[in-house]
Colleague: 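Pasting a structure here, questions to come.
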Amino acid sequence: MSVRELKKDIYSVGAIDWNRMIFDELIHLPEGTSYNSYLVTGSERTALIDTVYPPRKKELINNLRKSGVKKIDYIISNHAEQDHSGAIPDILKLFPESRVVTNAKCKGMLVDLLMISGDKFITINDGETLSLGNKTLEFIFAPWVHWPETMFTYLKEDKVLFTCDFLGSHLATSDLFATDETKVRILAKRYYAEIMMPFRPSIKKHLERIKSLDVKMIGPSHGPVYDNPAFILEAQQEWVADEVNNLVVIPYVSMYGSTEKMVHCLVDALIERGIKVKIFNMTNADVGDLAMSLVDAATVVFASPTVLSGPHPGVVYAAFLTSALRPKFRYASMIGSYSWGGKMVEVIKGLLGNLNAEFIAPVTVKGLPREGDCQSINKLADTIKEKHMAIGAKD
Ligand code: FEO
C-alpha cells in the first residue's frame with residue numbers, strides 16, 4: 001500500500017490484505033480486506049488514527065517512513081481489537097514519545113491484550129477534544145459498535161469521521177474512495193451482517209448521533225473511504241430499520257432426500273404465493289451469504305433430518321449462528337423428517353429462545369413426505385403469507 005491523501009494533511013497509511021481468506025477463523029473474505037490507518041498532520045502535532053493487523057505492520061511502518069513524518073504525538077485507538085491495535089507497540093517503539101489516546105475501557109483492554117504500559121496512555125472522555133494546532137479531534141464514544149470500548153474520532157475542521165469497524169467493508173481494492181458503490185454496498189452489507197447485526201439497537205442510536213454532525217467524509221478501518229457519506233449512511237439506515245422484506249430464508253440439510261423434498265415443496269408454495277425465498281444447504285453454504293439474507297428476511301424456516309434424536313448438526317449451526325447474530329426476522333418455523341422420533345423442533349426452538357420471533361407450527365414427517373405432507377407445507381406457506389401481509393413485509 002502506498003501513502004494516499006484523503007484531504008490536505010490527512011493520509012491513508014494502512015495495509016491492503018489482498019489474500020486474506022478468513023477472519024477470526026470464522027468469516028470468509030471473498031474479496032480480502034484492508035486495515036486502514038490514518039495520519040493527520042496538524043500545524044503543531046501529528047496523530048495516527050488506529051494501526052494495522054500485526055502481520056501487516058511492515059506496510060504501515062514503510063508508509064510512515066514514505067510520508068516523511070518525523071514524530072507522532074498521538075496514536076488514537078478507536079477500538080482494541082488487534083486488527084487495528086496490534087501494531088501500536090511497534091509504533092510506540094518507533095516513536096517513544098508518542099502517547100496512546102483512548103477511553104478508559106479501551107485502555108484496560110490494550111493493557112491486557114498488548115501489554116502496553118499504563119503510563120503510555122492519555123485517557124479521554126466522551127465528547128472531549130484534542131488539538132493538533134489547526135486541526136481538532138473530537139472523541140465520540142460508541143459502545144457496542146461492536147465491542148464495549150468502541151469509539152469514533154471526528155476531525156472537526158475537515159468534517160471527517162473515523163468510525164473504525166463501523167460502516168466498514170472487507171474489501172481489498174486499490175480505490176481509495178468507494179467509487180464502485182454497487183460492489184461496496186454488497187460488501188458493507190456482508191460486514192454489517194457478520195459483525196454489527198447483533199448490535200442493531202445501539203447502531204440505530206449511534207446513527208442518530210452521526211446525523212447531528214456535519215460529516216463530509218467517513219474513514220472506516222476496513223475497505224474504502226466514503227467521500228459520499230450519504231450512500232453508506234442511507235444503506236445502514238435501511239439495514240437497521242425495523243421493517244422486514246417479504247422473504248423467507250431456509251437453512252437446511254438433507255441426508256436421504258426426504259427433507260430436500262419438503263424444502264422444494266415449501267419453496268414452490270412460497271413462490272406461488274409471491275414470497276421471495278433463499279435456501280442454504282448447510283453442508284456447503286457460505287455463512288456470510290446466509291447472514292446477509294438474514295438482514296432483511298421476515299421469516300426463517302429451518303429444515304432438517306433427524307440425527308441422534310435431534311436436528312442435523314449443520315442445521316444446529318445455522319440456528320446457533322442465527323441466534324447469535326440476532327436478526328430482525330419476525331417469524332420462525334421448522335420442517336423436517338424423522339424415522340422413529342426425536343426432539344428436532346424442541347432443540348431448534350430452544351436455540352432461538354433469545355429472539356423475539358413468533359414460532360409458527362412446524363411440519364414434521366415420518367420418512368418420505370407424501371402428498372398430504374405437501375398439503376401441510378402449503379398450509380404453512382399460507383400462514384407465512386398471512387403473517388407477512390399483516391406486518392406489511394416489503395416486496
Ligand atoms: Fe476490525 Fe473489531 O475489528
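Just follow the structure's listing: the first ligand is 1, and inside any ligand the first atom is 1.
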Colleague: Ignoring hydrogens and angles, tell me if any N or O in the side chain of Asp296 forms a donor-acceptor pair with the backbone of Asn245 under 3.5 Å.
Modeller: no
Colleague: Taking it one step at a time, do Asp286 and His28 satisfy side-chain hydrogen bond (donor to acceptor under 3.5 Å, both in side chains)?
Modeller: CA-CA 8 Å; Asp286 180 323; His28 292 274; 6.0 Å; no
Colleague: Let me check something: any side-chain donor-acceptor pairs from residues 385-393 under 3.5 Å, sequence neighbours excluded? List them with distances.
Modeller:
from	atom 1	to	atom 2	distance (Å)
Lys387	NZ	Glu358	OE2	2.7
His388	ND1	Asn246	OD1	2.7
His388	NE2	Thr299	OG1	2.7

Colleague: Could you please tell me which protein N, O or S atoms lie under 2.8 Å from atom 1 (Fe) of ligand 1?
Modeller: Asp83 OD2, His84 NE2, Asp165 OD1, His222 NE2
Colleague: Fit a plane to each ring of His222 and Phe23, take the angle between them on a 0 to 90° scale, and name the class: parallel (under 30°), tilted (30 to 60°) or perpendicular (over 60°).
Modeller: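 It falls in the perpendicular class, over 60°.
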Colleague: Let me have the donor-acceptor pairs involving side chains of residues 287-294, under 3.5 Å, with sequence neighbours excluded, atom names and distances please.
Modeller:
from	atom 1	to	atom 2	distance (Å)
Asp289	OD1	Arg190	NH1	3.0
Ser293	OG	Asp289	O	3.1

Colleague: Pairs of donor and acceptor atoms involving the side chains of residues 362-370, under 3.5 Å and at least two apart or interchain, shall be tabulated with distances.
Modeller:
from	atom 1	to	atom 2	distance (Å)
Lys366	NZ	Ser339	O	3.2
Arg370	NH1	Leu368	O	2.8

